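Accompanying notes for the structure given below.
Fair warning: this is a prediction, and the values are worked out from it, not measured in the lab. Here is the naming used below: chain letters follow the sequence lines, and residue numbers restart at 1 for every chain.
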Amino acid sequence: MKMTAVEELKSSRWADEVELEGGALPLPTEVIENGYKILTEYKFDGEKKVKVVRMHKIEKRIFSKSIAVRKTWKKFGESSNDKPGPNPATTIIAEDVYMQYITSKEEDNKQEDDGLDKLKSLGEKAAVKCRTCSGEHWTTHCPWRDTALAGGKVPDDKKGISGTNGEPSKTGNKYIPPSLREGAVRIRSDNPNMNRRDDASALRIANLGEDTTEQEIEDLVKPFGPVQKLFLARDKITGACKGFGYIHFKFKGDAAKAMQKLHGYGHNHLILNVDWSKPQQHNN
DNA sequence: GATGAGCGG
């Protein structure tokens, strides 16, 4: 919440407030009063001297321990004689960012306990469980990650809470990302393959020497058509080529041509083995 | 001979 009041200063009041020489303006102040932060500053509006009072409702603030500690320091240097708190003359007060917490502390704790209990009861076989729908898959942006396949169900307290206007739900207390709110357009497809690697025009090229490089493969393959992605399997530690790689062509026809030409082709004293890449299978 | 990495919890 933010309220701003602008008040023209009458010269009498003005004189009361100004203890400074010349036409200088009084220093801005910042006061915190029962849940509101009141910022008062003075400025010229043309010839008029104007007092601007702004009130912010303070919802909840993030306090960092290090900031708290820093605030206990004694002022030093040119600020040694300043009063406590920020001196608006030397401190730029940027727009404060207030966080609105949608989950309460109590609920957080409860959730943690729940999680622990579940872990205990599940024992060793507690493989993967979606945090959103409890399905047997990683949460990774769930909603309802491939739905029926997920084997999960939407918890009751997640049902029917929404609001597509970017505001947190009124009925629920959990944050629902816009993409998951009622009425949101579902982008994710129900077809599991839609969101996976598409190997339709990908070749697997094997029997490569240990010192093969991506560049080499690219050169080998480029002439057949545009390449979308090229992967050369390498040993994670040594970095040596594991002897195979994948080329995703933009067009299947190009891939076919490349396969035809390159399969059995001699490269660095080795005979290449080229075939369609078999789509990686995935267990849901 | 080998069917790509990594992020979780």
Side-chain angles (χ1 to χ4, degrees), chain A residues 103 107-146 149-155 158 174-175 177 179-180 188 192-222 226-250 252 254-256 258-259 262-284:
Chain A
T103 326
E107 272 156 355
D108 279 345
N109 293 337
K110 205 176 95 205
Q111 278 208 330
E112 262 172 39
D113 293 347
D114 284 352
L116 267 178
D117 288 349
K118 273 178 201 150
L119 260 186
K120 278 178 203 147
S121 65
L122 282 168
E124 313 247 315
K125 63 185 175 108
V128 276
K129 188 161 211 178
C130 173
R131 284 176 182 139
T132 309
C133 78
S134 318
E136 288 173 18
H137 58 87
W138 290 109
T139 309
T140 313
H141 310 129
C142 166
W144 341 136
R145 203 175 163 165
D146 298 334
L149 299 167
K153 51 190 177 342
V154 185
K158 299 271 194 321
K174 291 276 190 297
Y175 175 73
S179 61
L180 306 188
R188 195 186 175 85
N193 286 320
M194 282 298 282
N195 293 296
R196 294 223 179 89
R197 185 169 47 233
D198 177 19
D199 278 5
S201 47
L203 296 180
R204 174 192 150 86
I205 178 163
N207 204 26
L208 300 164
E210 284 206 331
D211 48 1
T212 310
T213 64
E214 281 85 355
Q215 186 61 64
E216 235 177 292
I217 303 300
E218 195 189 326
D219 293 342
L220 207 57
V221 123
K222 241 184 344 206
V227 170
Q228 213 150 53
K229 187 177 146 202
L230 191 148
F231 177 87
L232 187 64
R234 288 179 175 282
D235 187 286
K236 241 182 295 184
I237 295 148
T238 67
C241 173
K242 287 206 278 192
F244 63 97
Y246 299 88
I247 301 105
H248 288 246
F249 280 94
K250 211 156 195 158
K252 192 163 184 174
D254 293 339
M259 181 170 78
L262 292 180
H263 182 63
Y265 181 87
H267 176 74
N268 290 345
H269 311 287
L270 291 169
I271 312 252
L272 296 184
N273 181 338
V274 184
D275 198 358
W276 296 108
S277 158
K278 296 195 185 76
Q280 186 193 42
Q281 46 185 340
H282 191 280
N283 27 319
N284 266 309

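Rounded to whole Å, atom C1' of B:dA5 lies 14 Å from atom CZ of A:R234. What separates CG of A:L272 from C1' of B:dA2 is a distance of 15 Å, to the nearest Å. Computed from coordinates, the A:L232 CG to B:dA2 P distance equals 17 Å when rounded to whole Å. If you measure from atom CG of A:D198 to atom C1' of B:dT3, you get 15 Å, rounded to the nearest angstrom. Across the protein-nucleic acid pair, A:Y246 atom OH and B:dA5 atom P stand 9 Å apart, rounded to whole Å. Atom P of nucleotide B:dG1 and atom NZ of A:K278 are separated by 14 Å, given to the nearest angstrom. Separating the CG atom of A:D275 from the C1' atom of B:dG1 is a distance of 15 Å, rounded to the nearest angstrom. Atom NZ of A:K242 is separated from atom C1' of B:dG4 by 8 Å (rounded to the nearest Å).
Of the residues in residues 201-210 of chain A, those with a non-hydrogen atom less than 4.0 angstrom from any atom of DNA chain B are A:R204, A:N207.
Between the side chain of A:T139 and the base of B:dG8, no donor-acceptor pair under 3.5 Å is found.
Comparing atom distances between the A:K129 side chain and each of B:dG9, B:dT3, B:dA5 picks out B:dG9 as nearest. The side chain of A:F244 has B:dT3 as its nearest neighbour among B:dA5, B:dT3, B:dG9.
Stacking of the aromatic ring of A:W138 onto the base of B:dG8 is found: the ring centres lie under 5.5 Å apart and the planes are inclined by under 30°.
Between A:E218 and A:V227 the shortest side-chain heavy-atom distance does not fall below 4.5 Å. Within the 4.5 Å cutoff, the side chain of A:R234 has heavy atoms near those of the A:T213 side chain.
For B:dG6, one of the phosphate oxygens OP1 or OP2 lies less than 4.0 angstrom from a side-chain nitrogen or oxygen of A:K236.
Residue A:E216 comes nearest to A:T212 through the heavy atom pair OE1-CA, 3.5 Å, listed as atom of the first residue, atom of the second, then distance.
Looking only at distances, a side-chain donor or acceptor of A:H263 sits under 3.5 Å from a matching main-chain atom of A:V274.
Between A:I247 and the options A:L230, A:L262, A:L232, a side chain to side chain contact (heavy atoms under 4.5 Å, CB included) holds for only A:L230.
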Side-chain donor-acceptor contacts of residues 200-211 of chain A below 3.5 Å, not counting sequence neighbours, with atom names and distances?
from   : atom 1 : to     : atom 2 : distance (Å)
A:S201 : OG     : A:F249 : O      : 2.9
A:R204 : NH1    : A:Y246 : OH     : 3.3
A:N207 : ND2    : A:I271 : O      : 2.6

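A cation-pi arrangement is absent between A:K129 and A:W138, since the terminal nitrogen or guanidinium carbon is not both under 6.0 Å from the aromatic centre and inside a 45° cone about the axis.
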